[in-house]
Amino acid sequence: MSSTSSIGTTVLGYPRIGPGRELKRATESYWAGRTDASALHDVAAGLRRETWTGLRDAGLDQVPGNTFSFYDHVLDTALAVGAVPERFAGVTDPLERLFAMARGRTGAPACEMTKWFDTNYHYLVPEVGPGTRLAPGSRKALEELREALRGGVTTRPVLVGPVTFLLLSKPAEGAPEGFRPLDLLAPLVEVYRDLLVELADAGAEWVQLDEPAFSADRTPEEVAALRRAYDRLASATRRPKILVASYFGELGPALPVLAATAVEGLALDLVAGGADLDALDPTVPGLDRKVVLAGVVDGRNVWRTDLDRALATAGRLVGVAGRVEVSTSCSLLHVPYDLAAETGLPADVVDMLAFARQKVDEVVVLGRALHEGPDAVAAELAAARATRDRVAVTARRDEKVRSRLDALGPDHYRRGPGERRATVQRDALGLPVVPTTTIGSFPQTGQIRRDRAAHRSGAIDTGTYTERMRQEIVRVVRLQETIGLDVLVHGEPERNDMVQYFAENLDGFATTEHGWVQSYGSRCVRPPILHSDVSRPRPITVEWAEFAQSLSDTLVKGMLTGPVTILAWSFVRDDQPLGDTARQVGLALRDEVGDLEAAGIRIIQVDEPALRELLPLHERDRPAYLDWAVDAFRLAVGAVADATQIHTHLCYSEFGEVVGAIDGLDADVTTVEAARSRMEVLADLGPGVPRGLGPGVYDVHSPEVPGTDELADQLGAALRHIGPDRLWANPDCGLKTRGEAETVAALTNLVAAARRVRDRATTG
């Protein structure tokens, strides 16, 4: 079948950072001024070429295009349609404008960043208003289509769909009250029509428009807007065929609406959105004229696909849709490149896994089985069954852990009354009004990273490594004392990542050497693989925290990552409910919290930045999630005394949706990201956090150093929401990725600003 009549086997997207994080290194070198734009573009072109030809040669019938990005695909779409905030209008160079919007520049704060639905990927939030001049802007999609064609590959350009784009946008500063981004749908659709015509003229046969916003709860008005948008787009006489893709859940009411339009294809997530299968039958008008991509290979997790089950799922669509093809459930952006690069994973764990490259192979096998019959790939199906049988007999249970959890009662999940704790802590800790602190990590130098790598490889012994880390802790503690912070941290030089570090020290996890996944921009993480029951064989952080506290009379926080975040930023086993796994992690952390308290650590921070991230997209599923998420956190901290102050940290969230859960965590102090939104998020919290609150007053993801006046203004804005007796002053997030000079300057200004606000509060 030619690609003009159908799509064939495909994937909805692919990783773009490079198997060895080549894009990260090239981008950061460009930012640092060590290389020029030409060198950066050369690296990008090489990565695109390798992706397109690799996917074609792997056997896919159609390859997605325009999935590369220097920073973020939502930001790319904003640039493509002219949605550029006025503060960046004077930046004429396209690459510099992109990076300015992502990272900020003097006098022009970066665009707000938040999580891409319920994933750990961050996108830049578009800003639009009545005065936004929507028009075709960046030519990136066209240029990459032509580039691929010159290389002998016909790609399917991918763009964020117009309705999802507006539903993810926020009103620009100064927009009149009552303005909604969706008010701009009509002019935005005209811009998309122009883009479609240009793509068709350049040789595009299909274009993919992603509408994942409709995997969440949507109003009838929003569903009606979807119909209007695609009726109008499909009416263009000179355009590519349109594939509308949704993922991360079922389309629900949007499914028959899209089926009734004249678009040629629909891509359905049948891993997270299996309920759509029950809504698909021959009576749905228009479905018999559609190419339907059955997304049966999980694009968000690393477990091998049960090929027999996936084939049966895809087969249910045969005879219902006009043509059925096999795809991933969503873009493979969310998984590592290639399992073949891993040499240190245990064989029984490898048997469970498939990374992006292996998932492409699964799609190809399933596509052949669907259209040619299972006998055409009998050997591949038999090998998959044999592997699945080996995995089934792998020991993944720890009866000691399960017995401990079974023995817990309600008292293990709660502490004493908050008001009593606040009084005890006020006397015991002796902190001033508006105390200053950081979120945890300090800048990590190249030498620190080299020392960790040398210890991991055996080039230096544990004694030498420990001494070098201690020297860094001494330096960081002395630095904080000089700056004048009220609560110190040890800086976390021994930690490679806030989740991976704990995974390396907990049973039930495996970690990779090259399993990098993009989190945002040039930031990449290696999500651990949680494959079995979890326990803590020995203390993890106690030695480092105890040493740091021994260096100073100023309080030093113990720093832990919370159970929900450990799950959210790992690839988690799918053979038991998430809540059961979360409680296992909470129990392991409970042991660590107890040992920190016994070692004399009087403030312990348990970070949960991913609390909002895992929130189910449908309202009906949220109460159960929030119940076990709160339980896991409270289990972790439930044994400490009233005098021990528990902190937690949350970032890049729409806090209003989880405000009840934030209160339910029952932390004594909650720190939140608030700078990019200019304290707007505090309105979401309202009275829901009755204890201490530390709104982040400067953006650690921008290289700009905020001045004392700016920080004092941010704290003043926070005081409109909370009283000075509950206010803390801190950055938005950890400082690991920042430079030393800018960190010292920013924290010095933070301390000065806090003292200014403190003086005003105490003198009336």
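Along the sequence shown, the residues carry numbers beginning at 1.
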Fill in the blank from the handout: CG of D217 to NE2 of H618, rounded to nearest 0.5 Å, is 5.5 Å
Practice task
Please work out which of the three classes, parallel, tilted or perpendicular, describes the rings of F99 and F70, given edges at 30° and 60°.
Solution key: perpendicular
Problem - Salt-bridge criterion met for R239 and E264 (N-O under 4.0 Å) - result: yes
Practice task
Could you tell me the separation between the OH atom of Y698 and the CG atom of L735, rounded to the nearest 0.5 Å?
Solution key: 4.5 Å
Exercise for the section: May I ask you to decide if the ring planes of W31 and Y71 are parallel, tilted or perpendicular, using 30° and 60° as cut-offs? Expected result: tilted
Practice task
Give a yes or no on whether the backbone of L47 and the side-chain of T51 come within a donor-acceptor separation of less than 3.5 Å.
Solution key: yes
Problem - Y247 ring center within less than 6.0 Å of H334 ring center - result: no
Handout entry: Distance in Å, L615 CG paired with K115 NZ, rounded so as to fall on 0.5 Å steps
Key = 12.0 Å
Exercise for the section: Would you mind checking if E221 and R180 are paired as a salt bridge, meaning a charged N to carboxylate O distance below 4.0 Å? Expected result: yes
Exercise for the section: Evaluate the side-chain proximity of L747 to L750: yes if any heavy-atom separation is below 4.5 Å, no if none is. Expected result: yes
Problem - R193 atom CZ, neighbour heavy-atom count above 12 within 6.0 Å - result: yes
Practice task
Please name all residues satisfying side-chain hydrogen bond (donor to acceptor under 3.5 Å, both in side chains) with E177, sequence neighbours left out, ordered by chain then number.
Solution key: none
Problem - Cationic N near anionic O, under 4.0 Å, E143 to R48 - result: no
Problem - Sub-4.5 Å side-chain heavy-atom contact between V125 and L168 - result: no
Exercise for the section: Apply side-chain contact (heavy atoms from CB on, under 4.5 Å) to the pair R218 and L167, showing each step before the final yes or no. Expected result: CA-CA 10 Å; R218 289 297 164 197; L167 290 173; 3.8 Å; yes
Exercise for the section: Please report the C-alpha distance between T155 and L145 in whole Å, then the side-chain angles of each, then the deciding distance to 0.1 Å, and finally whether the side-chain contact (heavy atoms from CB on, under 4.5 Å) criterion is met. Expected result: CA-CA 6 Å; T155 57; L145 173 66; 3.6 Å; yes
Exercise for the section: Keeping the roles fixed (side chain from R622, backbone from P616), state whether a donor-acceptor pair exists under 3.5 Å. Expected result: yes
Completion exercise
Scanning both residues in full, the closest heavy-atom pair of F88 with P109 reads CZ-O, 3.2 Å
Exercise for the section: Without swapping roles, check the side chain of R758 against the backbone of V434 for a donor-acceptor pair under 3.5 Å. Expected result: yes
Handout entry: Side-chain donor or acceptor of S215 paired with backbone N/O of P212 under 3.5 Å
Key = yes
Handout entry: Heavy-atom donor-acceptor pair, R97 side chain to A89 backbone, under 3.5 Å
Key = yes
Exercise for the section: In plain terms, say whether R756 and D709 are close enough for a salt bridge, that is, a side-chain N and a carboxylate O under 4.0 Å apart. Expected result: yes
Handout entry: Taking every non-hydrogen atom, the tightest pair across E742 and V705
Key = CB-CG2, 3.7 Å
Completion exercise
Rounded to the nearest 0.5 angstrom, the CZ-CG distance for R300 and L332 is 12.5 Å
Exercise for the section: Please examine the side chains of T437 and N730, heavy atoms only from C-beta on, and report whether any two atoms are closer than 4.5 Å. Expected result: yes
Problem - Pairwise side-chain contact, L12 with P64, heavy-atom cut-off 4.5 Å (strictly under) - result: no
Practice task
Indicate yes or no for a side-chain donor-acceptor contact from D607 to the backbone of P609 under 3.5 Å, with no hydrogens or angles considered.
Solution key: no
Problem - Close side-chain approach of L333 and R16, heavy atoms under 4.5 Å - result: yes
Completion exercise
In terms of heavy-atom contacts, L196 and L233 come closest through CD1-CD2, 4.0 Å
Exercise for the section: Nearest 0.5 Å please: distance from the CG atom of D76 over to the CD atom of E144. Expected result: 8.0 Å
Completion exercise
Hits for salt bridge (charged side-chain N to carboxylate O under 4.0 Å, His left out) against D497, two or more places apart or cross-chain, chain-then-number order -> R523
Practice task
Go through Y123 and V160 one step at a time and tell me if the side-chain contact (heavy atoms from CB on, under 4.5 Å) criterion holds.
Solution key: CA-CA 12 Å; Y123 74 94; V160 178; over 6 Å; no
Problem - Donor-acceptor contact present, side-chain S702 to main-chain R103, <3.5 Å - result: yes
Handout entry: Whether N749 side chain and P706 backbone form a donor-acceptor pair below 3.5 Å
Key = yes
Practice task
Check whether any side-chain N or O of R738 sits under 3.5 Å from a backbone N or O of V700 as a donor-acceptor pair, and report yes or no.
Solution key: yes
Exercise for the section: May I ask you to decide if K170's main-chain N or O and E127's side chain share a donor-acceptor pair within less than 3.5 Å? Expected result: no
Practice task
Apply the test side-chain contact (heavy atoms from CB on, under 4.5 Å) to residues F165 and L159: give CA-CA distance (whole Å), side-chain angles for both, the deciding distance (0.1 Å), then the verdict.
Solution key: CA-CA 10 Å; F165 179 81; L159 291 164; over 6 Å; no
Practice task
Report the residues that fulfil side chain to side chain contact (heavy atoms under 4.5 Å, CB included) with A37, sequence neighbours left out, ordered by chain and then residue number.
Solution key: Y30, H41, L95
Exercise for the section: Using a 4.5 Å cut-off on heavy atoms from C-beta on, say whether the side chain of I17 contacts that of K24. Expected result: no
Exercise for the section: Classify the side-chain pair E608/T565 by whether it contains a donor and acceptor separated by less than 3.5 Å. Expected result: yes
Completion exercise
Output for pair (I439 CD1, T671 OG1), nearest 0.5 Å, gives 3.5 Å
Exercise for the section: Check step by step if side chain to side chain donor-acceptor pair (under 3.5 Å) holds for E211 and T164. Expected result: CA-CA 5 Å; E211 295 285 1; T164 288; 2.6 Å; yes
Practice task
Flag the pair V163 / E222 as yes when at least one side-chain heavy-atom distance between them is below 4.5 Å, and no otherwise.
Solution key: no
Handout entry: NZ/NE/NH1/NH2 to OD/OE distance under 4.0 Å, R150 and E147
Key = no
Completion exercise
All heavy atoms of P136 vs all of L195, minimum pair found to be CB-CD2, 4.4 Å
Problem - Minimum heavy-atom distance L611-A661, with the two atoms named - result: CD2-CB, 4.3 Å
Problem - Carboxylate-amine/guanidinium proximity below 4.0 Å for R232 and E190 - result: yes
Practice task
State, with a plain yes or no, whether a side-chain heavy atom of L40 is found less than 4.5 Å away from one of T27.
Solution key: yes
Problem - Where T261 and V257 come nearest, the two heavy atoms and their spacing - result: CG2-O, 3.3 Å
